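Here is the structure we will look at, set down as structure tokens.
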Protein chains: 2
Amino acid sequence: MSKSAAGSQLTLTPVETAACCSPLLREPLSLERAEQVVPLLKALADPVRLRLVSIVAASEGGEACVCDLNDSFDLSQPTISHHLKVLHEAGILDRTKRGVWVYYAVRREVLADIAALIGGSA
Amino acid sequence: MSKSAAGSQLTLTPVETAACCSPLLREPLSLERAEQVVPLLKALADPVRLRLVSIVAASEGGEACVCDLNDSFDLSQPTISHHLKVLHEAGILDRTKRGVWVYYAVRREVLADIAALIGGSA
DNA sequence: TCAACACATCGACAACCGTCAATATGAATG
DNA sequence: CATTCATATTGACGGTTGTCGATGTGTTGA
């Protein structure tokens, strides 16, 4: 397994997806499970990163290059690069290099998994 | 409005709830909106707090007293108290005092709102 | 080969966070 | 009252995080 992108794989069992509400609210979360989910929540729990995810997702073709993202913030290029790295290593953003540019795209299943865990469908 | 419990009120408009996917993924999140949501995500982005929420929600009657919660962790009583305070001030946990005991309960709408925002229904 | 460009990494710094021991508060009970 | 019990607050400490400027890396085009 490559160094990053350890996210997703929250492994919802059929039982968990069927019942009244989200796994989080139905039964005590194990320590291991909590430690799987927390890095994803940490990655999202920053205004810059949350907006980065949003901007990337809303971009044409579902991806955006770093140069565009830099212009969306009043922050230095290394800072944006850092936040993108955090999101990528959490498994939330995919990274593709084309020529000189690097494009990021949102892994929507991962966000859906988190949402399913904390909010549940019911 | 009492000092804490500023959470929820993510004010999903009808338009936002109807379309293809979550607000987060459909259009760029405004700075103000991000700053509304981030405190909630920050509150959840800790293994102890995430488990606290889970344990409280899964408890009989949907609430749990601090004394029981203390026993669920290998942490000092002040530390648990601190985490409960964070969750309460974020608006995720309700607080009720009955006699000598304090009971916390999960505000499920708040978690549902967060889930709807980040994961969307689609 | 060289210069320009896009992006990442490094090193440093201040601010924030999780934890604890000690202590305070406040309710029940004798 | 005095005591005991449940919970909160305080103050301190080390570790983490967000930010920057400086620099490195790799690609493109002259």
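So you know, we letter chains A, B, ... as the sequences are listed, proteins then strands, and number each from 1. All values reported here derive from a predicted model rather than from experimental measurement.
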Rounded distance (Å) that lies between atom [atom2] of [N] and atom [atom1] of [X]:
{"X": "A/His88", "N": "C/dC7", "atom1": "NE2", "atom2": "P", "result": "15 Å"}
{"X": "B/Trp101", "N": "C/dT29", "atom1": "CH2", "atom2": "C1'", "result": "12 Å"}
{"X": "B/Leu69", "N": "D/dA8", "atom1": "CG", "atom2": "P", "result": "10 Å"}
{"X": "A/Lys42", "N": "D/dG15", "atom1": "NZ", "atom2": "P", "result": "16 Å"}
{"X": "B/Asp46", "N": "D/dT17", "atom1": "CG", "atom2": "P", "result": "11 Å"}
{"X": "B/Leu44", "N": "C/dG18", "atom1": "CG", "atom2": "P", "result": "12 Å"}
{"X": "B/Phe73", "N": "C/dC20", "atom1": "CZ", "atom2": "C1'", "result": "17 Å"}
{"X": "B/Leu52", "N": "C/dG18", "atom1": "CG", "atom2": "C1'", "result": "13 Å"}

Could you run down the sub-3.5 Å N/O contacts of the protein with nucleotides 20-26 of chain D?
unit_1, atom_1, unit_2, atom_2, d
D/dC20, OP2, A/Ser76, N, 2.9
D/dC20, OP2, A/Ser76, OG, 3.0
D/dC20, OP2, A/Thr79, OG1, 2.7

Classify [X] by what it touches in the nucleic acid, base, sugar-phosphate, or nothing, heavy-atom distance under 4.0 Å.
{"X": "B/Asn70", "result": "nothing"}
{"X": "A/Tyr104", "result": "sugar-phosphate"}
{"X": "B/Arg98", "result": "nothing"}

Item checked: Contact summary for B/Arg51 and A/Leu29, nearest pair of heavy atoms ->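 In terms of heavy atoms, the two residues are closest at NE-O, 3.1 Å.
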Notebook entry, point to check: Phosphate oxygens OP1/OP2 of D/dT9: is one of them under 4.0 Å from a side-chain N or O of B/Lys85?
Noted result: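 For B/Lys85, the contact criterion (side-chain N or O under 4.0 Å from OP1 or OP2 of D/dT9) is met.
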Margin query: For D/dT7 and B/Arg95 - does any side-chain N or O of the residue sit under 4.0 Å from the phosphate oxygens OP1/OP2?
Written below: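 For D/dT7, OP1/OP2 do not have a side-chain N/O of B/Arg95 under 4.0 Å.
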Measure from the side-chain N and O atoms of [X] to the backbone N and O of [Y], and report whether any donor-acceptor pair falls under 3.5 Å.
{"X": "A/Arg49", "Y": "A/Leu44", "result": "no"}
{"X": "A/Arg95", "Y": "A/Leu84", "result": "no"}
{"X": "A/Arg33", "Y": "A/Leu24", "result": "no"}

Next item on the list: Using the side-chain contact (heavy atoms from CB on, under 4.5 Å) rule, pick out the option among B/His83, B/His82, B/Gln77 that qualifies with B/Thr79.
Entry: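 When side-chain contact (heavy atoms from CB on, under 4.5 Å) is applied between B/Thr79 and each of B/His83, B/His82, B/Gln77, only B/His83 qualifies.
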Mind checking whether [X] and [Y] sit in one hydrophobic cluster, side chains of I, L, V, M, F, W, Y counted as touching below 4.5 Å?
{"X": "A/Val53", "Y": "A/Val66", "answer": "yes"}
{"X": "B/Ile80", "Y": "B/Leu50", "answer": "yes"}
{"X": "A/Val37", "Y": "B/Ile55", "answer": "yes"}

Next item on the list: Describe, as an angle rounded to 10 degrees, how the axis at the first end of the helix from C/dT1-D/dA30 to C/dG30-D/dC1 is tilted relative to the axis at the last end, five pairs per end.
Entry: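 Terminal axis comparison yields 10°.
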Margin query: With nearest nucleotide decided by heavy atoms, which residue, B/Val66 or A/Arg49, maps closer to the 5′ end of DNA chain D?
Written below: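 Closest to the 5' end, via its nearest nucleotide, is B/Val66.
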Notebook entry, point to check: Once you round to the nearest 0.5 Å, how far does CG of A/Leu41 lie from CG of B/Asp46?
Noted result: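 The distance works out to 10.5 Å.
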